[in-house]
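In what follows, a structure is listed as structure tokens, so that the remarks can point back to it.
Everything numeric here is computed off the predicted structure, so don't read it as measured data. Protein chains get the first letters and strands the later ones, always in sequence-line order, with residue 1 at the start of each.
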Amino acid sequence: MSVLAEVPLAPNPVEAFIRSERIPHVWCPGCGIGTTVNCFSRALLQSRLNLERVVVVSGIGCTGRVAGYLQLTSFHTTHGRAIPFATGLKVANPELTVVVYSGDGDLVSIGGNHFIHAARRNQDLKVICVNNFTYGMTGGQVTPTTPLSAISSTTPYGCFEEPFNLPFLAESAGATYVARWTSYHVRQLTHAMGEMLRKKGFSFLEIISGCPTLYGRRNRLGDGLDEMKYFKDKSVVQHGANTKEAGIGFQGPIVVGKFVDIERPVFLEQMNQQLARTLDAQYAGCVGDYVPS
Amino acid sequence: MTDEPNQMSKGTGVAEKAKRIRGIVYINLNRCKGCGFCIAFCPPGVLVFSEQFNAQGYHPPRLADAEGCTGCDLCGLYCPDFAIYAVMTHKNGQQGKSPGGSTGEVLRAS
Amino acid sequence: MDSKAKVLAVRQGRYCVQADPAGVLTGTHFLDGDQACCEGALAAGCRFAAGYPITPSTEIVERFAQRAPLVGGIFLQMEDELASSIAIAGAVWAGAKAFTVTSGPGFSLMMEHIGFAVMTETPLVIVDVQRGGPSTGLPTLPGQADMMQARWGSHGDYEIIALSPNSPQECFDLTIDAFNLAEQYRVPVFLMMDECVGHMTEKVVIPPPGEIEIVPRRYTSLPPSQYLPYRADAHGVPEMVRAGDGYPIHITGLTHDERGYPATNYQAQEQLVRRLINKIRQHTDEIVRYEETTLDDAEIVVVAYGITARVAMQAVQMARERGIAAGLLRPIVVWPFLEKRLRELANQARAFVVAEINCGQIVQEVERAVSGRAPVVLVPGAGGAVHHPEEILEAILTHASTREVLR
Ligand SMILES: Cc1ncc(C[n+]2csc(CCOP(=O)(O)OP(=O)(O)O)c2C)c(N)n1
Ligand code: SF4
Ligand code: SF4
């Protein structure tokens with residue numbers, strides 16, 4: 001192995017999107033979160049969006065740390081509240097592309113109410129949920145996505161709560177884009193993230209990801225690589241699948257693909273239309289002068 | 001290996017002179033946490049664990065088959081620690097293209 | 001003034017600009033306190049409100065929902081108070097001036113985001129129209145028992161600013177002040193109303209825009225390469241940027257360094273938390289505001305705020321009619337506390353009488369300031385009603401030197 005003396009032919013694409021001075025990051029060896037960041041950076045690169053207008057909002061958790069590693073305007077808010085913070089940002093400045101990047105506990109346990117309401121309103125937010133079936137940051141407790149019978153620190157005898165099926169939840173609440181992939185599916189993730197960045201409306205991407213340190217170890221699933229191999233072997237690509245049937249059992253098959261991609265007027269369009277219709281010339285337009293298209 | 005935080009390794013060596021070279025792998029040795037994703041999911045299987053330890057105490061990958069690398073950058077997509085990536089070379093070996101887009105293009109410098 | 005010149009003016013000291021005429025309903029009106037508060041927010045340049053309905057505060061956002069679309073603003077009715085209190089923080093980072101409005105139970109839900117606003121130095125305004133508590137308590141009846149919750153209701157150590165209006169006119173005036181103070185110190189500011197003030201209708205004079213002073217947000221003029229989001233000026237307050245302006249800032253509720261990066265260690269905590277506290281404490285004299293009535297020769301100093309101050313005023317007059325040298329000290333800014341003035345008054349006063357609609361909150365602060373140099377007497381109220389002036393008079397009489405003579 002030669003030690004490099006010359007400048008690389010091209011930099012690592014992720015480098016332009018991360019705060020390199022903060023690397024190494026806090027994530028464990030074999031944790032899937034960093035992998036998703038690679039995909040996100042490639043998606044941003046390909047999107048050709050003006051990065052000055054791209055904002056990333058996270059809640060609290062291992063995944064919540066993503067915001068802090070991205071070399072973008074980023075907010076690390078409070079546990080569960082990334083979506084309402086993002087809502088305030090987006091509504092006050094509709095020109096921003098607002099991405100919410102957080103964990104399953106953050107988004108659908110403590111933040112579950114905000115999640116369904118933002119979907120219902122069709123807020124134009126791109127919500128990326130890294131679902132590792134556990135609360136990573138706090139030591140591996142049960143979450144609303146932990147599969148039945150899986151061990152966690154607070155279900156030491158196995159989980160006995162029916163988990164959420166997130167794509168089904170998102171679709172039922174009104175999301176206009178719903179996809180699920182795993183951290184093994186890096187190209188598909190990149191593609192899906194790109195689609196979300198272009199899509200107007202509440203978009204939801206679930207990324208099934210390994211947490212070798214807690215979920216993997218407690219359930220004797222091996223290391224991060226073993227979890228990746230499970231994702232590879234047990235994923236079933238089924239675009240347009242009925243989300244109701246996309247629930248995940250312990251180490252069972254994982255239905256992946258793009259499930260929903262529909263058009264529905266976004267919150268600000270509906271607001272502007274209603275107000276313009278009722279108030280006519282009196283309507284002064286909201287902050288940011290968003291004009292309904 | 002040294003404790004230099006960003007000590008880079010390039011996985012081509014002599015093979016670079018060969019016309020057949022299609023990709024170059026760059027490894028930021030001390031960022032690696034030894035998860036093995038890059039090694040397991042490299043399509044042509046050109047990476048192996050190095051016997052050496054890096055500054056964090058992990059075995060980083062090493063390019064075992066330089067001519068086999070296609071520069072697909074799947075290692076770059078998989079690596080959770082931003083420690084490895086690959087660049088496609090043109091025939092003359094002068095211009096790099098990472099599959100994320102055109103030549104490591106950055107839309108915003110800072 | 002173009003926006004660049006504005007930024008410069010703002011950076012050069014006590015920079016005040018005129019109100020945006022669009023939001024100012026100049027004239028003489030009959031408004032209740034809630035409506036006046038809404039007009040104050042609009043006059044202050046607030047164009048974003050988020051809230052969740054709760055008596056007796058809802059009228060503020062109902063009016064805002066009606067008025068905002070006419071002046072370029074927006075009201076979001078969120079799914080709960082947790083959402084409302086963080087949505088306004090998001091709006092602020094997008095460049096808006098924003099507030100939320102609530103009462104006891106909703107105020108309790110907002111506590112985590114008060115801490116977030118303190119830690120991230122997000123300038124915003126929270127209005128609490130106090131009702132009787134704890135819990136659901138007395139939804140339609142007054143209370144003043146959230147004063148300590150405003151002070152330290154969120155976890156951790158911090159300083160905030162809280163104002164207490166005693167009339168619809170003050171609901172208007174102090175809401176503007178609240179927005180201005182929030183910008184000046186980059187701190188959440190509370191308008192601690194009560195049900196009585198919120199629902200009482202009185203004359204409210206709204207001046208022309210040119211007479212309303214507005215503190216604009218202090219945006220940096222440094223380029224992204226030189227800007228550090230948490231490098232403070234000599235007053236301990238850093239300059240801001242907006243999302244979308246091309247500054248790749250990271251904002252976190254974790255303890256952070258000047259770059260805004262998490263720094264979870266003792267040194268960073270000492271540096272940050274002390275600055276957050278000192279930027280208020282060291283400006284206490286500038287922030288504190290109070291009204292004095294016949295205090296010059298007072299031997300009995302009555303301390304009361306909000307609606308209770310109006311009742312206390314009557315008691316003071318009744319005492320004066322009986323020849324007792326009583327006076328009223330009415331904190332307008334309740335936090336930070338008017339400690340210095342109380343210490344001075346302790347030199348002349350025989351006793352302090354504190355009336356408040358709770359069972360002893362501000363009275364403890366008065367006791368601390370007076371520190372044993374005179375008796376401090378509480379005239380409490382558990383909530384649900386304002387005091388009778390006679391209750392306060394009774395306390396005044398008990399401690400007056402001339403009591404026996406005049407009775
Ligand atoms: C209000 C509140 N409650 C609890 C916590 C503690 N806490 C921090 S992270 C976390 C769970 C994070 O889990 P998840 O969202 O699944 O993300 P992960 O760490 O697995 O990526 C919890 C409960 C907190 N920070 N705030
Ligand atoms: S605890 Fe789990 S989720 Fe958190 S960094 Fe480690 S592996 Fe990843
Ligand atoms: S994927 Fe990255 S961290 Fe994992 S072994 Fe390869 S270089 Fe090391």
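Only the side chain of C:Y261 comes within less than 4.5 Å of a heavy atom in chain A; its backbone stays farther off. Interface residue C:L76: only side-chain heavy atoms are found under 4.5 Å from chain A.
Taking C:A22, C:A50, C:A83 one by one and counting their heavy-atom pairs under 4.5 Å with chain A, the maximum is reached by C:A83. Highest contact tally toward chain C, considering only A:T87, A:N113, A:L275, is held by A:N113 [criterion: heavy-atom pairs under 4.5 Å]. Put simply, of C:G260, C:A91, C:G95, the one with the most heavy-atom pairs under 4.5 Å next to chain A is C:A91. Most heavy-atom pairs under 4.5 Å with chain C: of the set A:R53, A:E21, A:R121, this distinction falls to A:R121. Contacts with chain A were tallied for C:G253, C:G115, C:G244, C:A68; C:G244 has the most, counting heavy-atom pairs under 4.5 Å.
A:R120 has no carboxylate O lying under 4.0 Å from a charged side-chain N of C:E79, or vice versa, which leaves the two without a salt bridge.
A centroid separation of 6.0 Å or more is found between the aromatic rings of A:F267 and A:F202. For C:Y219 and C:Y227, the gap between ring centers reaches or exceeds 6.0 Å.
Residues A:I128 and A:M196 meet the side-chain proximity criterion, which asks for heavy atoms closer than 4.5 Å.
Using modelled atom types, one finds a donor on one side chain and an acceptor on the other under 3.5 Å when comparing A:Y101 with A:T36.
Screening C:F99, C:F179, C:F107, C:W152 for a ring-ring contact (aromatic ring centres under 6.0 Å, His included) with C:F190, the sole residue that qualifies is C:F107.
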